[in-house]
Structures are given as structure tokens and as C-alpha cells.
J.: 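Take a look at this one; I'll ask things after.
All values below were derived from every heavy atom in this structure, side-chain atoms included, with hydrogens, water molecules and symmetry-related copies excluded.
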Amino acid sequence: MGGPPAPVGREELLARLERALGTRGRALLTGPAGVGKTEVALAEANRAEARGETVLWLATLPSDREIPGASAAALVASVAATVTWPGPVTTGQETSWVFDELPGPQRTAVAMLCREAPIDAGGWDPIALRLGIAQILRTLTCRGPVLLVVDGVQHVDPDSADLLRFALHLAPPALRVVAVETPEPYGEAGAPHRAPHRPEDPQAAHLWVPSEADVLLVPPLHADEIAELLIHHRLPSRMAGRIHRASGGNPRLALAVGRSLADARTPVHHAEALTLSGRARDLARQLLGAAPLAVRETLLLAALALRPSSTLVRRAGRPNAEADLAAAERAGLVSLAEDGSVTFTAGLLPSTLVHDACWAERSAGHAALAEVVDDTVEAVRHRALATDSPDEDLAAEVAAAADLARRRGNSALAAELALLAAESTPGRHGTRRIARLVDAAEEAARAARADLAMRAATDLLARDAAPADRVRARLAVLDTAGQGLTGLDEMYVHAMEDSEGDTALRAAVQLRLAVKYVLADGDPQRSRTAAVESAALAASMGDPRTAAQALTVQARMERALGSPDADAVLAQARALELAERPLGIRNAAQILTIRHALFDDRLTDARDELGALLPLVQRRGSVEDAIELFRTLAEVESRIGPCSAALAHAGQSLALTLEAGLSPGPAWYALALAETAGGSFARAASYARRSVQASEEEGDRVFLSRSRYALGRVQLINGDVAAALETLRRVQADERAQSTVDPSMLRWHEELAEALLAHDAGDEALALLEEVRPVAARLGRATVLLGCDRAYALWLAAEGRTDEAAELLTRTAEAFGRAGLPLERGRALIALARVERRRRRRSAAQSALQAAASVFERAGAAPWLALAGETPAGVTGENPGSGSAGEESPPALSSLTEAELRLARLVGQGASNQEAAAKLYLSVKTVEARLTRIYQKLDVRSRAQLATALRP
């Protein structure tokens, strides 16, 4: 399906809309306000205009429903404004052409409708007016296909609805109609007025008799689509998961929440609860305003409860709870399960109900719920929230409830209760309150609740707390920041000052600094220094857990810096970790051991260890642990297969990331790799671009390089050499700025070398390969050397040494196969097919492609399998659009390099030197020099002769 792009997340819905219009000629888009119905209709209108169709757009207003004929008159005016007819039009007679082909009575009736003629005492002739509107639409379709969009069909007045129904009934098939409806569950008095769309509803202002086939419900967006929407509108994507929960996937609400967050300028790692004000709150109030006051009072009780249900709300004092909640469900505010449990459709709705209620209403609600809930932890919570008077006995009860919630595994509730216990502690118990604030901050860190950690730390830091307590509170805040460590320098400085003289705390602070130096500052050498100091301090205090974590960070930096000590340091960390048996594995030696196996292409070992570890983490580990394992597993499977499993595991990593409100950059990077291996190159590029933006938002230097690498790689595969070259050069600059030495951690070197070769920069490509080879050999990175061999073979081919290139690629493909890297083997075979083609060995080229296809099919590498079905000229380094399967270039063209062939084709198609230079990102002088070589190789003297030589 061509035409302008679809709105975010609506490609499938647009396809269904096109099918409905193609078969029935009618489609009704329905759904709650703000879900994006108008955007979908507008996208369809844009596509219709791109096909040359006439588009009529009728947008109604709520007041139109009270004005007889308002919508029909607006339609006539829309026809006049949309279509230009021959002949002069004088001012004040813009619609006079409409009457030209109408019989007299019809012309008079339409003129009365549009107030271009005085209305007779008896009013307009209804039959003449019906026929006149129908004739206008019939006449319009004589000029070609017409798409009529009625945006806000629920506001069409009854007279206009009758006129339009008649006209559409007589309209030819060339007139297609899209109606946009927002159900209105309540009238002015709050009584049910119009339920969500039902085809048999006689009260609805339907313009035709709808069927199941042409009624399209516009659903909310998924969390990943909300993230893409935020990026599209240049809003922070890190909070996509929480914004999705707040908005329920409603695009209008999501954008309002995102803008509210951006306008507040609150650091995203502190915004768990979100800063909701202005437009976001107003939209929520508009949605809630659809329900009568009694229903909203019932909803407030549901909003205050942890596990709301109709039974609980009824017992808490709302005898009509079931009826009220059913009415709220019709209004699209909640959904009700069979067991009576209540779920708000958007998290912004309960938070707004609570926000707008006065203290007396909230207190009364909590007190009522405390009497009827059947869980002791929930009862204590409600009793504490029902009073604003600090009480030590109550605070002790809440603290005990927090411990119980923690033992149950409900870390989020435990964090909330721990802070509530601290806030319930009377001021005269200052020491006890500070101790509880420290516990609350650390509990919030374990639950990844940045907002609660910041609240606890802010309260504590405003009091006369001991330096050790201040450090622990600040460390808790730092531990909830995730990838986003920029903007927290002051927090680190104060933590260092307060840890003076406390060796154990200094070790903990140095450990956090070691992570910051690499993530936020891109300085692995400084990170290694801080990690070494942290490990030494922790060891001196007999703290094996902190020592193991510090040694793990040190080992990671040693590897990046190309130190031969990396494995030995990691072994020390692993030994301490096994003895200590920490609860979590994120940033632990165990997971780094697996990642080293990934870097070394010991992929079977890595997958086996991950498979053994994953069930344990899913049962007892944190969400961040599970995210780390799923992401790493996806990276392993993207190289070894099965590629479908890589997609599934990367998707799980993203779902957990968005649910936890963490930065989606790492998960999007994993999805970009998985899509490159087994999904779609186009989707891979999209995920890589999202990862780049998210990593830039976070100031995450590590994943910024990785995501750019993933983007550059897929750009190269797609044949977009200029873009790939630009992206991969940025990766090169990033990695050199970070002093990264080990080429196995991010294999950009071979990709950049190939991009340079495709850009006719062979000398630079060769220099890059000669630079990386000795490092890879010294560190024993055998598969990195194989990647260099593949790129070097392409350099040999570009130099005309095709026999040597073919021999080297054959050996390289076999070596990749022995190393258990099927996708790399298949890629080498595709390169071999290209070289064999240049050697004019068509049968050998076809054999290599068939072997590559077999490899890709076994690995489930769908996009690569499709690539292997193209001609060798259509694969990596050559624009896939430059040829088609089975097309053979003239033998003389085999003497051209890929860069020369691209230029030759552009010039042969009529491009000037300036146009070709702009298209290929070259200077005009370079184009002229390259054309001279092309003319010499092909023995041609003019552009006409060049065009002839290029013909198959």
C-alpha cells in the first residue's frame, strides 16, 4: 500500500480501512476521544489525494446537532471549496456552480439550505432537497473517485443525517465514505444518551446501515508505539512505559503527559509518579466529566484501593457500586472483569480523581476501605493514609507491614509502606524517623522507584542526619537512575564528602562513580581506577559483595581497554561472588562471564549458561536482572540462531523495560540486532534509530555507540552506503574517544571497512584493517580476524584481484561455519557470489548464493534469506534497487568497482555531475575523476555510449 506514511502504530488499521472501503465503500471509525480516529481518517484522505481522488472533509461541531441542516449545508460548502469548476466565480457566489446542473426546485431547495435564497414560509421542499444533495454528489463522482470523510458523525443534526443517508443510498460506487464517531455515553443531565457503537442502535446518527465488516474500532497504542510516538514529537522516550500506563495508550493523553513532563523539566529518573498538570489533567477531567457526580464518587473509592472491585467498593459505602461502575465502563473509564475487579483504562484517571479530591474525601475513603479490606497489609496502609497526625504506634505497624510486603515479594508496595512509616513517625522521634527514611530510600532503590527514593532522600537531607545516613540515601537515589546518570554530579560530590573517614561507604561511592565514569562520561580508564580503589577499600573492610561488584566493573574496563588482565580480574570477582551468593545478577561477575563468552563467540556456552540462569531469575530475581538476561540471550541468538527466538527474547526485554520505566535504549538495541538477523531490515533500522535517541536522552555513551553500530550495519546491508559511512564514522569517533581497544566488543571495524570500499575509499579501508588486525591477533580474537578477512577479500576484488578474493572468501566462509556463526558464514558466501560474478563465473556465483540461502534458512534468518535470492549486485555494498533477480550486467561492467558502477548507472540514467555528486555525497571533482576511469575501463567516450554499455 503506497502513499503517505501511516500514523504511529496504525499501519495495520489503515490496511483494514482500505480493504473495507474497497469492498463496501463505507467505513466507520469508532473509539474513545483522543485515540487517534481523526489521524487515521486524515492519513486515508492523504493517500486518496496522492492517488488523484477528490477528498471532501466534513468536520462537525457539538453545536451543529441543534441546527437543522447544518451539516448538509457544510457539505455543500465543502464541495464548493474543494472542487474548481470552469467559468468565472464572483464574490458572494462561491456555491453558484453547484446549482448549474440542478433542476429548478432542487436548486431552490439547496439555495435555501445554504442561506443563498430566502426561506419560504413553508420551508424548503424536503424531497427536492434530498434529490438535490444526491445529484451534487453524483455529479462530483463523474469527475473521478471521491472520498467523503465525516469527522464527528455523532454531531450531525437529524435533518442532515436524513439527507445524507438518502444521498449515499443513491450514490455510485465511485463515492466512498469514512465516518468518524466518538461515542457519547451521557447527555447533559448525566443520564445514558448514546452507548458505544452498536450497529443496531436506532438512535445513532448513522449515515448507512453499518455491518461488522465496516465498523473499525481504533484501539489504544501499545507501550512500544507510545515510545515511538514520543520520539516522533521530540519528547523524552525513557518514560514511555509509565506514560503508557498513565494514558492507557491514548495518543492524545500520552502526548499531554509527555509534554507535561518535559515542561516541568524534572529529571526523568526522578519522575516515577510523573509531573501531571495543565493539559494532561484537563484532558483527564474532560474524560471523567462524561460520568455523573455519583459515578465519580464511586470511582474515587476504586482509585484509593490497591485492588479495587465492585464488591469492595459496595462494602465501603457505595450501595449502587455495580451500576455506577457499569456506567463508568460504558464511558470508557474502567474495565470490569468477570470477578468484579476494576481496572482504570488510563492511570491518569485515578490519579486525577485523588488529586482533585479534598483531604476530607480522601480520608473518609481510606477509613471506609480500612474497615472492609481482607488483607492486614492493605488495612494498615488505609488506616495510615486516613490520618495526617503522626503516631509512633501506627508508624511501627506500617513498618511491620512493609517487612511483610517485602517477604511476599511485592517490592513496590514495600517501598511505599516504608516511606509511609517514616512519614508517620512523630518529629520527637527524630533518630527513628531518619532511620526509617534511610530504610525507605533503600527499599525504593530495590523496587526501582525513583520518586519514592527521592522523596525519602529529600526529607532526610533536610534534617540533622549523620553523614553515613546521608550517603546511604544518596546512593539509593543514584541506584534508581538506571542508564541516566547525567545531571547527578552534585549527588556524587556530596556523597564523596560525607563518606570521608568511612571506608565501607567510600568503597560504595567509588563503585557508583566507576559506573558513572563509563556510562555518562565515556571514560573507561577513570572507571577502572575508581573500581580498583573500590575493590581495595571493600576488601580491607571484609566486604566481599562490594569487592566482587567493583572487580566486575574493573574486569569490564580491562577488557574494553585491551588489557590481558581482564580474565584474571573477572575470575577473582567470580570467586568472591560464588562465596557471597548475591541476590541479583545485574552488573555481576556471572553475567559478565557470559558476555565475555558472547564477545569471544563461544555462543553455545553463553546460551547454555543463560538457559540455566533464566528460570532462577524469573522466579526470584529483580526485573532488571530479567531484562539483562533476555537482552543478552537475544544478542547470542542473533549471531547463532534461531533468529525467531532472538526476536522473542528481545521483545520480552523491551516489554519488561517499558513496564519498569527504565531506559528503552538497551532493549531497542537488542531488538535492532534481532530484527537484522531474523525480522526485517526496515524495522531493524527503526529500532536502532530509537535506541540512538533514547541513549542520547540518557547520556548513555555505551549504548549510544552500540545503537549507532546497529544502525550503520543495517544501512550498509540495505545499500545506503553514504548514510552507513556517516553513521559508522561516528561509531569510530565514539569508540576512540572512549579509548576502547578490544575490537570484539563492538565489531564496527569490518563494517566501516566495507562501507569505505563501497565508497571507493580503498586506501582508507585497507589502513583500518591493518590497524585492527594486530590488536585482534594479540588479544586472540579469532572471529574478529575472520571479519577482517571478509572485508580484505572485498578490497582484493576492488583492486581487480578477484581470484585471490574468491579463494580468501571461500576459506573465510568455511572458518565461520566451523566457528558456529551461520549468519557470518552466509554473509561471506554472498560476498563470494558477487566476486564470482565479477569473474564471469555465473554458475559458481549461483552455487554460492544457494549455499548462503541454505545457511540462512536453517538459522531462520528471514531478511538474509530474501537477500540471498537477489542478484549478487544487490547485496551488501551495492544498492539493492540497482538490479533485479536474474538480471545480468554486461560482462564489461565486471571491471568496475561497486562505487564506479553506482556512479555509472546514475550518469547513464541522465544525472549531471552535480546531481550525481549530491546523490553520492561526493565532490564534483571526485565524480569527474571517477567518470574518467569508468570511460577508460568501458572504452566509451560519451554519456550516450555509457548508457548503451549499461544495458543488460
Side-chain angles (χ1 to χ4, degrees), residues 1-5 46-47 49-52 681-682 685 712 714-727 754-762 764-765 794 797-800 830 833-835 837-838 840 842 845 866-867 869-952:
M1 183 170 57
N46 289 336
R47 292 186 175 191
E49 285 187 337
R51 293 191 293 265
F681 291 144
V714 77
Q715 286 171 333
L716 181 61
I717 293 167
N718 277 332
D720 192 352
V721 175
L725 190 59
E726 179 182 356
T727 303
E754 185 167 342
L756 289 166
L757 286 168
H759 204 65
D760 207 25
E764 189 177 350
L794 296 177
E799 292 294 304
I830 287 180
R834 290 165 52 205
V835 172
R837 186 170 184 246
R838 292 187 63 183
R840 305 182 189 179
R842 185 183 180 91
L867 203 60
E870 298 179 4
T871 114
V875 280
T876 310
E878 183 69 37
N879 189 334
S882 62
S884 59
E887 179 183 315
E888 186 70 34
S889 296
L893 296 185
S894 62
S895 62
L896 300 182
T897 67
E898 292 162 1
E900 290 170 344
L901 186 58
R902 277 197 308 279
L903 175 60
R905 282 178 171 148
L906 278 175
V907 173
Q909 291 166 3
S912 68
N913 288 0
Q914 289 80 4
E915 291 169 339
K919 181 79 173 176
L920 297 174
Y921 296 91
L922 300 172
S923 68
V924 175
K925 287 187 176 180
T926 301
V927 167
E928 292 170 349
R930 195 172 291 178
L931 270 178
T932 300
R933 293 198 301 272
I934 292 169
Y935 281 17
Q936 291 172 345
K937 288 182 178 182
L938 299 184
D939 194 23
V940 298
R941 298 185 179 182
S942 68
R943 289 172 180 258
Q945 290 179 347
L946 176 60
T948 301
L950 290 171
R951 291 172 188 161

J.: Do you know which two heavy atoms are closest between Ala797 and Val835, and how far apart they sit?
T.: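 In this case the closest contact between Ala797 and Val835 is CB-CG2, 3.9 Å.
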J.: Which heavy atom of Leu946 sits nearest to which heavy atom of Gly908, and what is that distance?
T.: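 In this case the closest contact between Leu946 and Gly908 is CD2-N, 4.3 Å.
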J.: How long is the gap from CG on Asn718 to CZ on Phe681, to the nearest 0.5 Å?
T.: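 Output value for this atom pair is 6.5 Å.
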J.: So which heavy atom on Gln715 is nearest to which on Thr727, and how close?
T.: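 Closest heavy-atom pair between Gln715 and Thr727: OE1-OG1, 2.8 Å.
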J.: I need the Leu756 CG to Leu794 CG distance, nearest 0.5 Å.
T.: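 Spacing of CG (Leu756) from CG (Leu794) equals 12.0 Å.
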J.: Using 0.5 Å steps for rounding, measure from the CD atom of Glu754 to the CG atom of Leu725.
T.: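 So the CD of Glu754 and the CG of Leu725 are separated by 12.0 Å.
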J.: List the atom of Gly762, the atom of Leu757, and the distance in Å for their closest heavy-atom pair.
T.: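 What the structure gives for the nearest pair is CA-CD2, 3.9 Å.
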J.: Glu764: what forms a side chain to side chain donor-acceptor pair (under 3.5 Å) with it, not counting sequence neighbours?
T.: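 Partners of Glu764 under the side chain to side chain donor-acceptor pair (under 3.5 Å) test: Arg729.
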J.: In Å and rounded to the nearest 0.5 Å, what is the CG to CD1 distance from Leu867 to Ile830?
T.: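 Spacing of CG (Leu867) from CD1 (Ile830) equals 4.5 Å.
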J.: Between Arg930 (side chain only) and Leu903 (backbone N and O only), is there a donor and an acceptor less than 3.5 Å apart?
T.: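 No, because the side chain of Arg930 does not come within donor-acceptor range (under 3.5 Å) of the backbone of Leu903.
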J.: Which atom pair, heavy atoms only, marks the closest approach of Ala724 to Leu716?
T.: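 Smallest interatomic distance, heavy atoms only, reads CB-N, 3.6 Å.
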